[in-house]
Amino acid sequence: MFEEKNTLKNIKPYAIDEYYPDCSLKLDSNENVFGPSKRVIDGFKNLDLRRFNLYPCYGELIDILSSEFGFDRENFLLTNGCDEAINIILSSYLTEKDSVLAFAPSFSMPKIYSKVIGAQYFNIDYVSKWQFSLDVLLENLRPETKIIYLATPNNPTGDIIEPILIEEVLKKCTDRIILLDLTYVNYSRFGEKPYYDLVKNYKNLICVKSFSKDYALAGLRLGFILANTEFIVNFKKVISPYSVNSMAVYAGINALLDKTHFDFVKNEVIKSREFLYDEFLKMGFTPYKSEANFILVDFGLKVEFAYRKLLRNRIIVRKFSDPKMCRFLRIGIPSLSDAEKIVNALKSRKMLVFDLDGVVFDVSNSYRYAIQKTYEYFAGSKCSPSEMQEAKDMGGLSNDWDLTKYLLDKKGIKADYKKLVEIFQDIFYNPEKENSKGAIDNEKLILGPEFFSELSKEYDLCVFTGRPKEEAFYSLEKFGLKNFFDYFVCLEDVPCGRSKPCPDGLNKIKECCYYDDICFFGDTVDDIKAGCDASVKVFGIIPPNAPDIDSTTKSLKSFGANGVIDDACKILELFRNEKICK
């Protein structure tokens, strides 16, 4: 085996999609959803074959850029998207002794490229959201800072740094390279030219720009560097020859020559952006003003629920793994009609919460079987179904490990709890097993995809279960049910193992799903108690093969159930008759 160089060891690769996702709106990567100019599309219909079998030539596109912005041809270098432009700049001038300084959050690739080189990369936190501060930048300068990375508008925040402020940075930092990322600049009120003009007066400014976001050429990977000619000469030493393909060059030429199309796109983006900003405010969320083709929204504790609701409506947006950004979603700006789909997908509806065991899944031959077999392991004899149900009806034993321990204690058999859990899990669910993972594979559906598909047309659906998340997701995915639910509260999601009858799980749902109108379905008295204590409407479900239906019904009602349903499949019928939803 060959060991990678040290600078690569702690770097996570940038994640990319391997396949085009099956969705109605892909808004997670800030692509231009309006598509390229008709001139670009029509141009490809009559391509000169030399663009296929000869190496690409860049002169024509560079001539247009030179004329458009008033620079010599020698000030430009075409690149394979903006990513390559940034990588070339850092690779040309950074050493392991240098550092890069940038505000955070921002585009992640400059940090990755810096680490590959072995240079330090320092983030500056915004003092106020999300406003660039020259004073804060200057306070954070280090002697080894060689490059300052700035983006305007910034991704993912959408804020801009005005040209006059960029000029102040250039004046104050004459001995540093200012790398200015202008990927989204054409959606801002300033446009690109005021920034480019600064290159004429400041030798330490390097501008990078892509054709992905404004001209909708993300799939062709085209960008450029605009800088002092001394910089460009060195970048040409680093860049791979012919890194930009002929198709990208040809599309770039036609895109630049069609000003009308981009003006249309920009106007549409601004209208949709303002609409979404206003609607998010009305819904009680915190959107931030943006001058890019996306908007950043703080959903607070409701972020996971909002993300799932959008996903269930086949709308993909950007969720963040960074703990500092975990409350936010970044949403690309679509057409106004599609923006309305986003708003409609997030609107509040009635919430139906389902316990899994005995309500969605028949666990007679899984959990109940595991209880029985674990009991036999320690006791050497069987425990009757009626004994199990009687213990369930008492309340306080919703965790089946605890229930098994209680049954053994009742018979005077002392079992080590850790060993009990180990035996139980090996019987019920062991992901290391080949083929069947355990008794969990004996489960049958009580409520299937057709049931939840019908309900999800009018209601938002949630899971509240005492199962560990891995086991819950295993069964939900196995039966094709997971995507019907917008939110999940499992064993790990309640503090200190405070499972039912503690109402913490339902209270978390109320807190994180912005709903008070909640209806909960469970099959045990602990479910009923949790629902009552959380002040939600709660219905008892008689589980399959209950040994004494009348006794279980009486028990569920005595703990406060709003009603008891002897067959979970009747839930849909009752909703249609409006006997539950009112």
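Side-chain atoms are counted along with the backbone in the values below, which use heavy atoms only and exclude waters and symmetry mates.
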query: Strictly under 6.0 Å, is that where the ring centroids of Tyr149 and Phe107 end up?
result: no
Closest approach of Asn32 to Lys213 (non-hydrogen atoms, all atoms of both residues): CB-O, 3.2 Å
- prompt: With no hydrogens and no angle check, is any side-chain donor or acceptor of Ser24 less than 3.5 Å from a backbone partner on Arg314?
  reply: yes
field: Side-chain donor-acceptor contact under 3.5 Å, Asn154 with Ser106
entry: yes
query: So, do Tyr367 and Phe361 have ring centers that fall under 6.0 Å from each other?
result: no
- prompt: Can you tell me if Asp493 uses its side chain to pair, donor with acceptor, with the backbone of Cys490 under 3.5 Å?
  reply: yes
query: Is there a donor-acceptor contact under 3.5 Å from the side chain of Arg318 to the main chain of Leu329?
result: no
task: Decide if atom NZ of Lys482 counts as having more than 12 heavy atoms of other residues, nucleotides or ligands within a radius under 6.0 Å.
output: yes
message: If I take atom NZ from residue Lys405 and atom CG from residue Leu407, how far apart are they, to the nearest 0.5 angstrom?
response: 11.0 Å
task: Say whether, by atom type as modelled, one donor and one acceptor occur between the side chain of Gln372 and the main chain of Cys383 under 3.5 angstrom.
output: yes
field: Candidate pair Ile542 and Leu556, rule side chain to side chain contact (heavy atoms under 4.5 Å, CB included), full reasoning
entry: CA-CA 9 Å; Ile542 303 296; Leu556 293 172; 4.1 Å; yes
- request: Give a yes or no answer on whether the side chain of Asp441 reaches the backbone of Lys437 with a donor-acceptor pair at less than 3.5 Å.
  value: yes
- request: Kindly compute the distance separating CD1 (Ile315) from CD1 (Ile342), expressed to the nearest 0.5 Å.
  value: 5.5 Å
- request: Kindly say whether Leu403 contributes a backbone atom to a donor-acceptor pair with the side chain of Asp400 at under 3.5 angstrom?
  value: no
query: If we ignore angles and hydrogens, is there a donor and acceptor under 3.5 Å between the side chains of Ser212 and Arg221?
result: yes
message: For Lys478, I'd like to know if atom NZ has over 12 heavy atoms of other residues, nucleotides or ligands within 6.0 Å.
response: yes
Under 3.5 Å donor-acceptor, Arg273 side chain and Pro334 backbone: no
message: Could you check whether Thr553 and Asp550, counting side-chain N and O atoms only, form a donor-acceptor pair closer than 3.5 Å?
response: no
message: Which residue in the set Thr465, Ile541, Val463 passes side-chain contact (heavy atoms from CB on, under 4.5 Å) when paired with Asp355?
response: Thr465
- request: Locate the shortest heavy-atom distance separating Ile295 from Ser290; write the atom from each residue and the value.
  value: CA-CB, 4.3 Å
field: Within the 6.0 Å centroid threshold, strictly below: Phe464 and Tyr487
entry: no
- request: Using distance alone, with no hydrogens and no angle criterion, decide if Asp159 and Tyr288 have a side-chain donor and acceptor under 3.5 Å apart.
  value: no
- request: Please check if atom CZ in Phe275 has more than 12 non-hydrogen atoms from other residues, nucleotides or ligands closer than 6.0 Å.
  value: yes
- prompt: Is a side-chain N or O of Lys510 found less than 3.5 angstrom from the main chain of Ile518, in a donor-acceptor match?
  reply: no
query: Which value, rounded to the nearest 0.5 Å, describes the distance between Asp567 atom CG and Leu447 atom CG?
result: 8.5 Å
field: Nearest non-hydrogen partners of Val538 and Gly531, listed with the distance
entry: CB-CA, 4.2 Å
query: Just wondering, are more than 12 heavy atoms of other shown residues or ligands nearer than 6.0 Å to NZ in Lys418?
result: no
task: Evaluate the side chain to side chain contact (heavy atoms under 4.5 Å, CB included) criterion for residues Gln425 and Val421: first the C-alpha distance (whole Å), next the side-chain angles of each, then the deciding distance (0.1 Å), finally the verdict.
output: CA-CA 6 Å; Gln425 285 304 114; Val421 171; 4.2 Å; yes
message: Less than 3.5 Å apart, any donor N or O on the side chain of Ser29 or Lys26 sitting next to an acceptor on the other?
response: yes
message: Are there over 12 heavy-atom neighbours, none belonging to Glu390, within less than 6.0 Å of that residue's CD?
response: no
message: For a quick test of reading the model, state the closest non-hydrogen atom pair linking Ala415 to Leu420 and the distance between them.
response: CB-CD1, 4.4 Å
task: Return yes if some donor-acceptor pair links the side-chain N/O of Ser272 with the main-chain N/O of Leu336 below 3.5 Å, else return no.
output: yes
message: Between Ser555 and Thr552 (side chain of the first, backbone of the second, donor and acceptor by atom type, cut-off under 3.5 Å), is there such a pair?
response: no
- request: Apply the ring-ring contact (aromatic ring centres under 6.0 Å, His included) test between Tyr429 and each candidate in Tyr474, Phe473, Tyr369, Phe424; give the one that qualifies.
  value: Tyr474
query: With respect to Lys500, which candidate in Asp527, Asp533, Asp526, Asp357 satisfies the salt bridge (Lys or Arg N to Asp or Glu O under 4.0 Å) definition?
result: Asp527
task: In sequence, state the C-alpha distance, the side-chain angles, and the governing distance for Phe520 and Phe354, and then conclude on ring-ring contact (aromatic ring centres under 6.0 Å, His included).
output: CA-CA 6 Å; Phe520 177 44; Phe354 289 85; 8.7 Å; no
message: One pair to check against ring-ring contact (aromatic ring centres under 6.0 Å, His included): Phe299 and Phe328. What are the steps and the verdict?
response: CA-CA 6 Å; Phe299 287 89; Phe328 295 85; 9.1 Å; no
query: Taking all non-hydrogen atoms of both residues, which atom of Pro544 and which atom of Gly358 are closest, and how far apart?
result: CD-O, 3.9 Å
- request: Taking the side chain as every heavy atom from C-beta outward, state whether Glu492 and Pro468 have any pair of such atoms under 4.5 Å apart.
  value: yes
message: Around atom CG of Asp17, are there more than 12 heavy atoms from other residues, nucleotides or ligands closer than 6.0 Å?
response: yes
- prompt: Roughly how far, to the nearest 0.5 Å, is the CG atom of Leu310 from the CG atom of Asp28?
  reply: 11.5 Å
query: Just checking, is any N or O donor in the side chain of Glu387 or Ser384 under 3.5 Å from an acceptor N or O on the other one?
result: yes
statement: Taken to the nearest 0.5 Å, the spacing of Leu506 CG from Cys462 SG works out to 8.0 Å
message: For Ala345 versus Lys309, what's the shortest heavy-atom pair and its separation?
response: O-CE, 3.0 Å
message: What I'd like to find out is whether the side chain of Val303 reaches to under 4.5 Å of the side chain of Cys326, using heavy atoms alone.
response: no
statement: In Lys302, Arg312, Lys350, the residue satisfying salt bridge (Lys or Arg N to Asp or Glu O under 4.0 Å) with Asp460 is Arg312
query: Quick one: are the ring centres of Phe103 and Tyr126 less than 6.0 Å apart?
result: yes
message: When you compare the side chain of Phe122 with that of Val100, does any pair of heavy atoms fall below 4.5 Å?
response: no
- prompt: For residues Asn30 and Arg330, is any side-chain donor paired with an opposing acceptor at under 3.5 Å?
  reply: yes
field: Check: Asn430/Lys433 side-chain N/O donor and acceptor closer than 3.5 Å
entry: no
- prompt: Just checking, any donor-acceptor pair under 3.5 angstrom between side chains of Ser381 and Glu376?
  reply: no
statement: Rounded to the nearest 0.5 Å, the CG atom of Leu276 sits from the CE atom of Met283 at a distance of 8.0 Å
